[in-house]
Number of protein chains: 2
Amino acid sequence: MARSALAEKSSLALPHRHPRRTREEHSHETAQDYVEIIAELIASTGEARVIDLARRLGVTHVTVARTIKRLQREGLVTSLPYRSIFLTPSGRKLSEESRSRHTTVVDFLKSLGVPKVVAQSDAEGIEHHVSRETLQAFEKHLRKTKIA
Amino acid sequence: MARSALAEKSSLALPHRHPRRTREEHSHETAQDYVEIIAELIASTGEARVIDLARRLGVTHVTVARTIKRLQREGLVTSLPYRSIFLTPSGRKLSEESRSRHTTVVDFLKSLGVPKVVAQSDAEGIEHHVSRETLQAFEKHLRKTKIA
DNA sequence: ATTAATGTGTAGCATTAGCTACAAAAGTAA
DNA sequence: TTACTTTTGTAGCTAATGCTACACATTAAT
């Protein structure tokens with residue numbers, strides 16, 4: 001029983017800011033963004049190149065190339081020197097999940113009256129922080145307002 | 001007119017994933033989290049210590065100490081060796097803004113039927129990605145449901 | 001086929017943010 | 001006061017993500 005008053009108080013009222021977004025969470029968000037964009041690029045232009053990603057993300061091609069290496073290491077994409085980038089099955093799966101969540105968030109925000117452009121923009125940040133429960137609440141609200 | 005078909009396509013349909021959350025944005029989010037927690041700690045326990053922050057954030061005291069140094073450099077907090085941490089006026093201002101936004105997001109999620117704990121948890125991630133327009137839409141929705 | 005433009009790769013630097021390990025200061029208890 | 005616990009600090013490692021500068025490959029235009 002060696003806990004002092006000072007020590008006591010710190011384990012008091014305040015709820016722990018749970019697990020806290022770690023670096024891993026960050027890099028997972030990046031991964032989702034990348035596979036989502038890669039899927040979009042392939043769908044709309046036929047291929048995903050480093051430079052296309054760089055332009056979409058507003059970073060240099062160097063940053064993209066390095067990240068692509070990491071995603072390849074993680075089994076989400078395949079890439080060969082000077083060739084365009086492809087999604088692996090698990091990359092495709094992730095991209096579809098991300099896209100679905102993204103769409104839900106955008107539609108939800110629009111249903112609240114948020115202008116389309118803003119909704120799209122905000123969704124990119126928000127989508128990574130929406131739990132299953134909250135996503136379901138969004139969907140429920142969408143169904144309700146669609147019927148009304 | 002030297003733009004090839006390949007080059008053309010990349011500046012085509014797809015909207016730019018705007019400015020793209022940069023490292024600076026990340027570190028700004030961290031700053032908000034820190035000042036918010038510091039304010040809470042001071043309000044509830046009288047002081048904010050490195051160890052308290054570390055426990056709340058789920059990281060080691062080393063990480064916190066380094067971040068506090070950065071926040072001090074940025075003029076958000078003051079700290080002296082072995083002394084507790086204080087907010088500067090601009091740090092306090094930021095903490096109040098963050099807290100207000102945080103509260104709005106939590107209340108909004110709860111109004112959608114999201115369980116309190118989940119709402120609090122999700123809000124921490126979401127609050128940093130909510131634009132002024134979206135925040136206003138949240139507030140509007142809150143007013144509406146409160147009246148009903 | 002050359003040449004020019006575009007895209008990709010590599011090297012190397014900076015910052016943020018996580019960690020462990022160890023040392024020193026401050027606070028608490030005997 | 002002394003001894004123990006807790007807190008803070010410092011050193012140094014890792015990883016992700018940003019950059020510039022330069023070299024090389026590929027693609028497009030003449």
Side-chain angles (χ1 to χ4, degrees), chain A residues 1-11 17 19-34 37 41 45-74 76-77 79-85 128, chain B residues 1-11 17 19-34 37 41 45-74 76-77 79-85 128:
Chain A
M1 255 299 129
R3 295 182 65 81
S4 68
L6 257 182
E8 275 300 331
K9 81 176 184 190
S10 63
S11 57
R17 211 147 188 108
R20 172 58 183 163
R21 110 170 135 288
T22 64
R23 301 252 297 323
E24 275 153 50
E25 287 177 56
H26 274 271
S27 71
H28 193 246
E29 288 170 31
T30 302
Q32 282 181 238
D33 288 342
Y34 270 72
I37 297 178
L41 284 168
T45 75
E47 66 173 356
R49 299 178 307 166
V50 169
I51 191 71
D52 299 325
L53 280 158
R55 285 183 184 132
R56 285 288 296 282
L57 292 166
V59 298
T60 64
H61 76 280
V62 185
T63 299
V64 170
R66 203 194 310 100
T67 302
I68 291 297
K69 264 185 206 150
R70 172 170 71 81
L71 299 187
Q72 187 169 21
R73 222 166 55 223
E74 294 171 359
L76 294 170
V77 308
S79 81
L80 292 172
Y82 296 100
R83 307 301 304 278
S84 70
I85 300 149
H128 300 296
Chain B
M1 255 306 124
R3 295 184 63 84
S4 69
L6 255 184
E8 277 297 334
K9 80 175 186 190
S10 63
S11 57
R17 212 148 186 107
R20 171 58 183 165
R21 107 170 135 289
T22 64
R23 300 248 300 322
E24 275 153 48
E25 286 177 59
H26 273 271
S27 71
H28 193 247
E29 289 170 32
T30 302
Q32 283 182 238
D33 288 341
Y34 271 72
I37 298 179
L41 284 168
T45 77
E47 66 174 355
R49 299 177 306 164
V50 168
I51 191 73
D52 300 325
L53 280 157
R55 285 183 184 131
R56 285 287 297 283
L57 292 165
V59 298
T60 64
H61 76 279
V62 185
T63 300
V64 170
R66 201 195 312 99
T67 303
I68 291 297
K69 265 186 205 148
R70 172 168 72 81
L71 300 187
Q72 188 168 21
R73 223 167 55 223
E74 295 171 359
L76 294 170
V77 308
S79 81
L80 292 172
Y82 296 102
R83 306 302 304 278
S84 70
I85 299 150
H128 300 296

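This one's a predicted model, so the numbers in the text were calculated from it and none came from an experiment. Reckoned from all heavy atoms, side chains included, excluding hydrogens, waters and symmetry mates. Order of the sequence lines fixes the chain letters, A, B, ..., with proteins taken first and strands second; residue numbering starts at 1 for each chain.
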Does [X] make a side-chain N or O approach to OP1 or OP2 of [N] shorter than 4.0 Å?
| X | N | value |
| --- | --- | --- |
| T63(A) | dT17(D) | no |
| R49(B) | dG27(C) | no |
| S27(B) | dA17(C) | no |

Send over the distance from [X] [atom1] to [N] [atom2], rounded to a whole Å.
| X | N | atom1 | atom2 | answer |
| --- | --- | --- | --- | --- |
| D33(A) | dG18(D) | CG | P | 10 Å |
| L53(B) | dG9(D) | CG | C1' | 16 Å |
| H26(B) | dA16(D) | NE2 | P | 14 Å |
| E29(A) | dA17(C) | CD | P | 14 Å |
| H28(A) | dA17(C) | NE2 | P | 21 Å |
| E25(A) | dT17(D) | CD | P | 13 Å |
| E47(B) | dT6(D) | CD | C1' | 13 Å |
| E24(A) | dT14(D) | CD | P | 17 Å |

### Task
By nearest nucleotide on DNA chain C, pick out whichever of T60(B) and S84(A) is the more 5' one.
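Mapping each residue to its closest nucleotide by heavy atoms, the 5'-most match is S84(A).
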### Task
Could you check V50(A) against A31(B) and say which one's nearest nucleotide on DNA chain C is further toward the 5' end?
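Mapping each residue to its closest nucleotide by heavy atoms, the 5'-most match is V50(A).
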### Query
With no angle test and no hydrogens, is the base of dA16(D) tied to the side chain of R23(A) by a donor-acceptor pair under 3.5 Å?
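Absent.
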### Task
Could you check whether R83(B) gets within reach of a base, just the sugar-phosphate, or nothing at all, counting any heavy atom under 4.0 Å?
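Here R83(B) touches no strand at all.
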### Task
Between dA17(C), dC19(C), dG7(C), spot the one nearest the side chain of I51(A), thanks.
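In terms of side-chain proximity for I51(A), the closest of dA17(C), dC19(C), dG7(C) is dG7(C).
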State, to 0.1 Å, how close [X] and [Y] come at their nearest heavy-atom pair, and which atoms those are.
| X | Y | value |
| --- | --- | --- |
| I68(B) | V77(B) | O-CG2, 3.8 Å |
| D33(A) | H128(A) | OD1-NE2, 2.8 Å |
| A48(A) | S84(A) | O-CB, 3.2 Å |
| E47(B) | D52(B) | O-OD2, 4.0 Å |

### Query
Where along residues 64-72 of chain B does a heavy atom fall under 4.0 Å from DNA chain C?
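Result for residues 64-72 of chain B: R66(B), R70(B), sorted by number.
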### Task
Would you sort out whether R55(A) and I51(A) count as a side-chain contact (heavy atoms from CB on, under 4.5 Å), showing the intermediate values?
CA-CA 6 Å; R55(A) 285 183 184 132; I51(A) 191 71; 3.6 Å; yes
### Task
With sequence neighbours excluded, tell me which residues meet side-chain hydrogen bond (donor to acceptor under 3.5 Å, both in side chains) with S79(A).
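Only Q72(A) meet the side-chain hydrogen bond (donor to acceptor under 3.5 Å, both in side chains) criterion with S79(A).
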### Query
Sequence neighbours excluded, which residues qualify as side-chain hydrogen bond (donor to acceptor under 3.5 Å, both in side chains) partners of R70(A)?
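Counting only residues at least two positions away or on another chain, R70(A) forms a side-chain hydrogen bond (donor to acceptor under 3.5 Å, both in side chains) with E74(A).
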### Message
Could you walk me through whether L53(B) and T67(B) satisfy the side-chain contact (heavy atoms from CB on, under 4.5 Å) test, starting with their C-alpha distance in whole Å, then the side-chain angles of each, then the deciding distance to 0.1 Å, before giving a yes or no?
### Response
CA-CA 11 Å; L53(B) 280 157; T67(B) 303; over 6 Å; no
Within the sub-3.5 Å range, which N or O atoms of nucleotides 21-25 of chain D have a protein N or O partner, and how far apart are they?
{"unit_1": "dA25(D)", "atom_1": "O4'", "unit_2": "Y82(A)", "atom_2": "OH", "d": "3.1"}

